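Order of the sequence lines fixes the chain letters, A, B, ..., with proteins taken first and strands second; residue numbering starts at 1 for each chain. These figures come from a predicted structure and were not determined experimentally.
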Protein chains: 2
Amino acid sequence: MNSSPSLKSAAVEKQSHQSYFKIGLSVDCVILGYANKELQVLVIKSDLKEFAGQWSLLGDLVRPEEDLDNASYRVLEERTGLKNVYLEQVHAFGTRDRHPSGRVITIAYYSLIDIQNHKMQVNEHELTWKPVRTLKKMAFDHRKILDTCLLRLSEQVFDKPLLFNLLPVKFALRDLQELYESVLGETLDRRNFRKKIAVKHWLRDTGDMEKSVVHRPGRLYTVKAASK
Amino acid sequence: MNSSPSLKSAAVEKQSHQSYFKIGLSVDCVILGYANKELQVLVIKSDLKEFAGQWSLLGDLVRPEEDLDNASYRVLEERTGLKNVYLEQVHAFGTRDRHPSGRVITIAYYSLIDIQNHKMQVNEHELTWKPVRTLKKMAFDHRKILDTCLLRLSEQVFDKPLLFNLLPVKFALRDLQELYESVLGETLDRRNFRKKIAVKHWLRDTGDMEKSVVHRPGRLYTVKAASK
DNA sequence: ATGAAAATATGTACTTACTACACATTAGTT
DNA sequence: AACTAATGTGTAGTAAGTACATATTTTCAT
């Protein structure tokens, strides 16, 4: 057993010559939106020959002077133009072979945004929204990262007012229910769903009704305070 | 916005000269045990002058050839001599200023062991068990890491058979309840607690009873299969 | 104008989980 | 034999979750 425990300065010095060359640190953001009644994730074409044609999450190397959380906010803002959105760290992925160019460990975050507010240029062939459902293979271990984030999200949706971040300011309860169903992967009973949401007191009735809908319009609600 | 997105090889190359010198990667293990009716954590005297006299968690730099999870298992085995114990990744901590010797980000894990099985040499002045309750200040951000792990643990104890890892093979329900109370920081009603545990079917009655106890002895149980 | 279509809005009975709470029993000690 | 300090157990009340059906409102087609 090593007699120099923990992180003494000497150990850091030592590693700076042995392994700083070999270990890279990145953040990857699972940026989720909701459109066409499906969860969507913002992805980009991988530029590595090993993953030619595959989609990858949005990430970047962490800069020496920035905190982890800052790095993920930076990626998010660079890619979506949005600030002050929900962002949560989920897991660090660090298997040896996860990056073909060398040793890179990544800290995964997920973020929830209203896809309508995403005003950056999206290009079908480079940066684009894809339904989560349709992404079977992804570059690196990104499908696993995505699944980990989706699982975390689904565990939290009834505890915290998260999903409202994916919807426009005003929405009908039906929209909300369909979104919950997308995230949970199961259908919900309408009456029970409304009861469950009602007791949380997350919503305020706007007084407005749905427009230009081909049936009886529903009331529009807004969230009192979504988690940021 | 950067025109080279994500993690292309070029970016990794680039960072290897800019920042691999500056970013270190470590794991820290919150190794928990239970003794004297209190949660205990295995800590070591910090060897940094900045934290002279303070206790720190057990950690080490991740080696270039090992996975994150391997690194934490290695630390755990080096420090406790134990293999095949429960270990879970909790969170990555990466603020700029968290390590005085330079930029070091750390991945925190927590582990649950039967303190009786810890046969390594513990030295009151270097490596030792401390009641969680008594550690007010710790080196680095280690008190925050500890709290994050304790919170995670408390959220899981009724969903997974975790706490049994802290107890000997045979234990009385009273021991178990006291352990739950330590972890949750609240007292529990005995009848309700037993009911709640019973419906999970985690336990098997050994047929044995407590010995040399100064009152009516309780039945001894064992766990069918604790989470590893 | 009327009827059909498609959705909204809502309540109740049932079951399951959680909470509060008290008393008889057992082994050890004196 | 009496005392001490625990174990072991059940019930009533409340809260949360589940299964399920009907009347209402608007648009659209005729």
Using the test side-chain contact (heavy atoms from CB on, under 4.5 Å), find all partners of [X] that sit at least two apart in sequence or belong to another chain.
X	answer
B/Lys195	B/Asn192
A/Ala198	none
A/Leu188	A/Gln177, A/Tyr180, A/Glu181, A/Leu184, A/Glu186, A/Phe193
B/His118	B/Leu42, B/Thr80, B/Ile113, B/Met120, B/Val122, B/Trp129

Point to revise | A/Ser26/A/Thr106 under side-chain hydrogen bond (donor to acceptor under 3.5 Å, both in side chains): CA gap, chis, key distance, verdict | key: CA-CA 5 Å; A/Ser26 67; A/Thr106 196; 2.8 Å; yes
Review point. Considering only heavy atoms, which members of residues 182-200 of chain B lie under 4.0 Å from some atom of DNA chain D?
Key: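 Within this stretch, B/Arg190, B/Arg191, B/Arg194, B/Lys195 sit under 4.0 Å of the strand.
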Check your understanding: When you measure from every atom of DNA chain D, which of residues 171-180 of chain A have a heavy atom less than 4.0 Å away?
Key ->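 Within residues 171-180 of chain A, no residue comes under 4.0 Å of DNA chain D.
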Study note, to complete from the structure: Students should find that the nucleotides of DNA chain C closing off the region near chain B, any atom under 4.0 angstrom from a heavy atom, are C/dT19 to C/dT29
Exercise for review: Quick one: list whatever passes ring pair (Phe, Tyr, Trp, His ring centres under 6.0 Å) with B/Trp202, sequence neighbours left out.
Suggested key: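 Once residues adjacent in sequence are excluded, the partners of B/Trp202 under the ring pair (Phe, Tyr, Trp, His ring centres under 6.0 Å) criterion are B/Phe164.
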Practice item. Would you please name every residue forming a ring pair (Phe, Tyr, Trp, His ring centres under 6.0 Å) with A/Phe93, sequence neighbours left out? Key: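 Only A/His91 meet the ring pair (Phe, Tyr, Trp, His ring centres under 6.0 Å) criterion with A/Phe93.
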When you compare the protein's N or O atoms with those of nucleotides 25-27 of chain D, which come within less than 3.5 Å of each other, and at what distance?
{"residue": "D/dT25", "atom": "O4'", "partner": "A/Arg216", "partner atom": "NE", "Å": "3.3"}
{"residue": "D/dT25", "atom": "O4'", "partner": "A/Arg216", "partner atom": "NH1", "Å": "3.4"}

Review point. Measuring from B/Leu112:CG to B/Leu87:CG, what's the distance to the nearest 0.5 Å?
Key: 9.0 Å
Practice item. Tell me yes or no: between the side chains of A/Tyr109 and A/Asp69, is some donor less than 3.5 Å from an acceptor? Key: yes
Study note, to complete from the structure: For A/Arg133, the salt bridge (Lys or Arg N to Asp or Glu O under 4.0 Å) test, sequence neighbours excluded, returns A/Glu38
**Study point:** Note, B/Thr95 side chain near A/Leu68 side chain (heavy atom, < 4.5 Å)
**Key:** no
Counting only pairs under 3.5 Å, give me each side-chain donor-acceptor contact of residues 220-228 of chain B, with atom names and distances, residues two or more places apart or in other chains.
{"residue": "B/Thr222", "atom": "OG1", "partner": "B/Val169", "partner atom": "O", "Å": "3.0"}
{"residue": "B/Lys224", "atom": "NZ", "partner": "B/His201", "partner atom": "O", "Å": "3.4"}
{"residue": "B/Lys228", "atom": "NZ", "partner": "B/Asn165", "partner atom": "OD1", "Å": "3.4"}

